[in-house]
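Below is one structure, written out as structure tokens; the observations come after it.
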Amino acid sequence: MTVTDVSAKAPSAPPAARRFKLNWQIALLGVLALLIMMSLARVVTGANDITSGGTIGAAIGLAVPIGLAALGGLWSERSGVVNIGLEGMMILGTWCGAWGAITFGTPWAGVVAGAVGGALGGLLHAIATVTFGVDHIISGVAITLLGQGVTQYLSKLVFVGMKGGGETQSPRIPPIEAISVPGIGAPLRDLANTHVFLLSDLAGVLYGVTQNVSLFTILAILLVPLSFYLLWRTAFGLRLRSCGESPVAAESLGVNVYLYKYLAVVVSGALAGLGGAFLSIVAAGIYREGQTGGRGFIGLAAMIFGNWRPGGLAGGALLFGYTDALQLRQGGTSVHALLLVVALLLAAFAVYQLVRQHRNRAALISGVFAVLVFAVFAVTTTVPEQFTSFTPHLTTLLVLSLASQRLRMPAADGLPYRKGQAT
């Protein structure tokens, strides 16, 4: 009887594709490459505002509420609960933030009140989804509608009759102090005004991040590494994330899944409420009806773009905040210069897909879009005002479409779970 050598005839397994791993060195190189592209676009178009200190400062301010909403979504979805209600929790945060600051005479009381208002919305979402098993999307939409209705009623009840208040707005809110790094403001501003390639752009960025920065903004930035530490470097975070990956397995190991889901969704609401409080206390200095403007949903998009990771969602929030800031400064001229940056980014993405990922179809699509965007840039000198106001939303669509190939949501995110399934 002849023994067949199966191992000799079996085809060898294809080599595993190397997974791209982002670290701080690669991220730093990416930021430098982006700054070079923007500097090139500034020199070619003369749109000096795209890297000015004012634009960078405005971008950070506009990114904070989006980033806080995205961070709230991260906490909730890492525990397995989809939180479409971020917008409603932000709305509650805007009103409660204004009310707290006016009632107690200090903006920091408004910060706490905004977090509490958002947390109450999160608690309601947790009761509906975790305890009663309501569909997460339906509960989130209901909370958004409830937030709009409750704040309208409370404004008529509280703000009407106050000096400067009314049915749709509050009186002026006491401001939160802004700080600057001393001794470098004037030199950086002067260097930025020289418009030297790359050097003045770097000076503009440094000026924007070191001068006249609200203490609330610093608090929001610190919450990103704090969330990373709690969720990825502690036993508490491991248990919470296990609830979003496999709640049945987590329960079998003694984890109180309901408790961790409740904690995560309440923290999610508090973070979204902080984002709302930022809008009323820092961004506007007053509460106005409809103030969130869909930022809760954009924050959800930033979280998805960031692949459910704190660093990635912070980058997404900055991207959306930056495109929003461009329409406020030199409008059409700045957005027109951004078209050149987008064309360069698409071309670089096409090369990466072709050389590193060996995805010819994706590379071809990116290359075609790069040519089209560059053609639009070449045949125009400015961008219509109607398009500039749509830029942040268009950026959301483009970014999510390009990032869709590498996204990996928590395995049990949005799935129904009832206690005792492990048995």
Side-chain angles (χ1 to χ4, degrees), residues 68-96 114-154 231 236-237 239-252 255-276 292 294-304 308 313 407-423:
L68 286 171
L71 204 58
L74 173 74
W75 274 81
S76 180
E77 300 209 6
R78 277 295 176 179
S79 72
V81 179
V82 175
N83 194 352
I84 297 293
L86 290 170
E87 177 76 6
M89 297 169 196
M90 286 189 76
I91 293 172
L92 292 171
T94 57
W95 191 92
C96 291
V116 171
L120 290 175
L123 178 62
L124 183 59
H125 188 48
I127 292 172
T129 57
V130 179
T131 300
F132 293 103
V134 175
D135 182 89
H136 299 188
I137 306 300
I138 293 175
S139 174
V141 172
I143 287 174
T144 298
L145 297 175
L146 181 65
Q148 294 172 344
V150 167
T151 51
Q152 288 175 358
Y153 170 74
L154 291 176
L231 292 176
F236 164 80
R239 296 188 186 101
L240 188 147
R241 287 186 293 115
S242 71
C243 296
E245 296 293 341
S246 180
V248 173
E251 183 187 349
S252 68
V255 176
N256 189 335
V257 176
Y258 277 17
L259 175 62
Y260 279 89
K261 285 180 178 288
Y262 260 87
L263 288 174
V265 180
V266 169
V267 170
S268 172
L271 290 168
L274 283 176
T292 56
R295 287 178 175 85
F297 299 112
I298 297 178
L300 198 63
M303 179 205 65
I304 296 172
W308 289 265
L313 68 84
L407 298 180
R408 192 266 181 194
M409 65 189 296
D413 192 18
L415 299 181
Y417 168 78
R418 307 310 302 161
K419 189 174 182 179
Q421 284 184 209
T423 58

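It should be emphasised that the depicted structure is a prediction, and the values quoted were computed from it without experimental measurement. Index from 1, following the sequence.
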So, taking the atom named CD in Glu87 and the one named CG in Leu300, what distance separates them when rounded to the nearest 0.5 Å? 10.5 Å
Return all side-chain donor-acceptor pairs below 3.5 angstrom for residues 68-77, not counting sequence neighbours, or 'none' if the list is empty.
from	atom 1	to	atom 2	distance (Å)
Trp75	NE1	Ser227	OG	3.1
Ser76	OG	Val81	O	2.6
Glu77	OE1	Trp308	NE1	2.9

With sequence neighbours left out, the residues meeting side chain to side chain contact (heavy atoms under 4.5 Å, CB included) with Ala128 are Val134, Ser139
Check the pair Ile127, Phe132 against side-chain contact (heavy atoms from CB on, under 4.5 Å), reporting the backbone distance first and the verdict last. CA-CA 7 Å; Ile127 292 172; Phe132 293 103; 3.5 Å; yes
Side-chain heavy atoms of Val141 within contact of Ile84, under 4.5 Å: yes
Smallest heavy-atom separation, Gly147 atom then Ile91 atom, equals O-CG2, 3.6 Å
Do you know the tightest heavy-atom contact between Gln148 and Thr151? O-OG1, 3.1 Å
Just so I know, are the side chains of Val257 and Tyr417 near enough to count as touching, which here means a heavy-atom distance under 4.5 Å? yes
Looking only at atom types and distance, does a side-chain atom of Lys261 sit under 3.5 Å from a main-chain N or O of Val130, one as donor and one as acceptor? no
I'd like a table of donor-acceptor pairs (distance under 3.5 Å, sequence neighbours excluded) in which one partner is a side-chain atom from residues 115-124, with atom names and distances.
none

Does the Tyr260 side chain pair with the main chain of Ser79, one donor and one acceptor, at a distance under 3.5 Å? no
Taking the side chain as C-beta and beyond, is there a heavy-atom pair between Asn83 and His125 under 4.5 Å? yes
What is the distance from atom CE of Met90 to atom CG of Leu274, rounded to the nearest 0.5 Å? 10.0 Å
Among all residues two or more places apart in sequence or in another chain, which pass the side chain to side chain contact (heavy atoms under 4.5 Å, CB included) test with Glu245? Arg78, Arg408, Pro410, Ala411
Keeping to residues at least two apart or across chains, list the side chain to side chain donor-acceptor pair (under 3.5 Å) pairs with something in residues 127-136. Thr131-Tyr262
If you look only at pairs with a residue in residues 262-276, which of them pass as a salt bridge (charged side-chain N to carboxylate O under 4.0 Å, His left out), with sequence neighbours excluded? none
Can you pull the side chain to side chain donor-acceptor pair (under 3.5 Å) pairs that have at least one residue in residues 114-124, sequence neighbours excluded? none
Determine yes or no for a side-chain-to-main-chain donor-acceptor pair under 3.5 angstrom, with Ser246 supplying the side chain and Ser242 the backbone. no
Residue list, side chain to side chain contact (heavy atoms under 4.5 Å, CB included) with Leu263, at least two apart or on another chain: Phe236, Leu259
Work out which heavy atom in Leu231 is nearest to a heavy atom in Arg241; give both atom names and the distance. O-NE, 2.5 Å
Show me the pairs that pass salt bridge (charged side-chain N to carboxylate O under 4.0 Å, His left out) and involve residues 262-273, at least two apart or across chains. none
What residues, two or more places apart in sequence or in another chain, satisfy side-chain hydrogen bond (donor to acceptor under 3.5 Å, both in side chains) together with Thr94? none
